[in-house]
Amino acid sequence: QVQLVESGGGLVQAGDSLRLSCATSGRTYSSFTMGWFRQAPGKEREFVAAISRTGSNTVYADSVKGRFTISRDNAKNTVYVQMNSLKAEDTAVYYCAARATITDRVRLTRAEYDYWGQGTQVTVSS
């Protein structure tokens with residue numbers, strides 16, 4: 001089975017930085033396109049960032065572009081999102097997601113992902 005485990009969340013002040021990690025089990029990590037989503041209280045889960053299976057293509061939501069950076073380390077079967085200049089509106093539970101693919105296409109919607117982690121809480125105080 002494929003298992004995704006997020007870590008790195010916490011309580012920070014506006015302007016601070018966090019790096020979230022998503023550790024992925026199995027030997028098929030390199031065949032996955034990976035994404036980060038978030039869900040704030042009272043809101044729907046929304047797309048944050050995605051990275052293709054080769055790492056050559058990345059896509060970001062407009063709300064985080066220029067502040068967040070998604071990356072992957074295939075040797076460690078791990079995907080990261082570096083979050084800088086955090087704002088109060090970034091407060092949410094952040095979820096890692098994976099989709100098996102043989103292409104380098106990224107996926108931007110919840111319905112396109114096969115596997116999900118349990119989430120990690122990020123709280124930004126202002």
Side-chain angles (χ1 to χ4, degrees):
Q1 292 183 324
V2 175
Q3 182 174 335
L4 283 65
V5 180
E6 303 96 335
S7 62
L11 173 63
V12 298
Q13 292 184 309
D16 286 352
S17 298
L18 282 174
R19 188 180 74 163
L20 306 183
S21 299
C22 175
T24 306
S25 66
R27 296 177 61 85
T28 59
Y29 171 81
S30 62
S31 70
F32 294 155
T33 185
M34 305 293 297
W36 285 97
F37 291 76
R38 67 187 182 187
Q39 187 166 17
K43 297 183 179 180
E44 296 183 2
R45 193 171 301 185
E46 66 176 355
F47 170 77
V48 174
I51 187 167
S52 64
R53 68 179 185 86
T54 67
S56 62
N57 295 314
T58 58
V59 180
Y60 299 91
D62 288 342
S63 59
V64 306
K65 190 175 298 182
R67 299 188 297 120
F68 290 12
T69 303
I70 188 171
S71 62
R72 65 192 299 161
D73 186 338
N74 289 346
K76 297 181 178 180
N77 291 346
T78 302
V79 64
Y80 307 93
V81 58
Q82 176 68 42
M83 307 187 297
N84 297 328
S85 301
L86 284 164
K87 306 174 181 179
E89 51 263 44
D90 295 318
T91 295
V93 176
Y94 283 72
Y95 297 90
C96 178
R99 177 186 172 90
T101 181
I102 61 173
T103 74
D104 209 38
R105 178 181 176 184
V106 296
R107 306 289 178 168
L108 307 182
T109 67
R110 293 169 57 189
E112 293 177 297
Y113 283 87
D114 300 314
Y115 307 103
W116 293 85
Q118 295 294 321
T120 185
Q121 176 71 49
V122 172
T123 302
V124 184
S125 64
S126 60

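In what follows, every heavy atom counts, from backbone to side chain, and hydrogens, waters and symmetry copies are set aside.
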Is there a path from I70 to F47 through hydrophobic residues (I, L, V, M, F, W, Y) whose side chains come within less than 4.5 Å of each other?
-> no
When you look at R53 and R72, which way does the side-chain contact (heavy atoms from CB on, under 4.5 Å) test go after all the steps?
-> CA-CA 9 Å; R53 68 179 185 86; R72 65 192 299 161; 4.3 Å; yes
Interatomic distance, L4 atom CG to Y113 atom OH [nearest 0.5 angstrom] = 11.0 Å
Heavy atoms, side chains only, cut-off 4.5 Å: are E112 and T33 in contact?
-> no
Give a yes or no on whether Y94 and L18 share a hydrophobic cluster (residues Ile, Leu, Val, Met, Phe, Trp, Tyr; joining criterion: side-chain heavy atoms under 4.5 Å apart).
-> yes
Between F32 and Y115, how do the two ring planes meet: parallel, tilted or perpendicular, split at 30° and 60°?
-> tilted
Show your reasoning for whether side-chain contact (heavy atoms from CB on, under 4.5 Å) applies to L86 and F68.
-> CA-CA 9 Å; L86 284 164; F68 290 12; 3.9 Å; yes
Closest heavy-atom pair and its distance - Q39, K43 | NE2-O, 3.1 Å
Cation-pi check, R110 to F37: give yes when NZ or CZ is under 6.0 Å from the six-membered ring centre and within 45° of the ring axis, no otherwise.
-> no
Would you check if the side chain of S56 reaches a backbone N or O of T54 as a donor-acceptor pair within less than 3.5 Å?
-> no
Side chains of V122 and M83: does their closest heavy-atom pair fall under 4.5 Å?
-> yes
Indicate yes or no: at least one non-hydrogen side-chain atom of L20 is less than 4.5 angstrom from one of R38.
-> no
Closest heavy-atom pair, A14 versus S126, reported as atoms and distance to 0.1 Å, is CB-CA, 4.4 Å
Rounded to the nearest 0.5 Å, the OG atom of S52 sits from the CE atom of M34 at a distance of 12.0 Å
If you measure from CG on D114 to CZ on R99, what distance do you get to the nearest 0.5 Å?
-> 5.5 Å
CZ of R19 to OG1 of T69: how many Å apart, nearest 0.5 Å?
-> 11.5 Å
Sub-4.5 Å side-chain heavy-atom contact between R45 and W116 | yes
Give the C-alpha distance, both sets of side-chain angles, the deciding distance and a yes or no for side-chain contact (heavy atoms from CB on, under 4.5 Å) between Q121 and T91.
-> CA-CA 8 Å; Q121 176 71 49; T91 295; 4.1 Å; yes
For the residue pair W36 and S21, what are the closest heavy atoms and their distance?
-> CH2-O, 3.7 Å
Kindly give the heavy-atom pair with the smallest separation between A50 and L108, and that separation in Å.
-> CB-CD2, 4.4 Å
Supply the atom-to-atom distance D104 CG to I51 CD1, rounded to the nearest 0.5 angstrom.
-> 9.0 Å
Passes side-chain contact (heavy atoms from CB on, under 4.5 Å), V79 versus C22? Steps please.
-> CA-CA 5 Å; V79 64; C22 175; 3.3 Å; yes
Does any N or O in the side chain of E6 come within less than 3.5 Å of the main-chain N or O of G119, such that one atom is a donor and the other an acceptor?
-> yes
Please walk me through it: do D62 and K65 pass salt bridge (Lys or Arg N to Asp or Glu O under 4.0 Å)?
-> CA-CA 5 Å; D62 288 342; K65 190 175 298 182; 3.5 Å; yes
Are the side chain of N57 and the backbone N or O of V106 linked by a donor-acceptor pair below 3.5 Å?
-> no
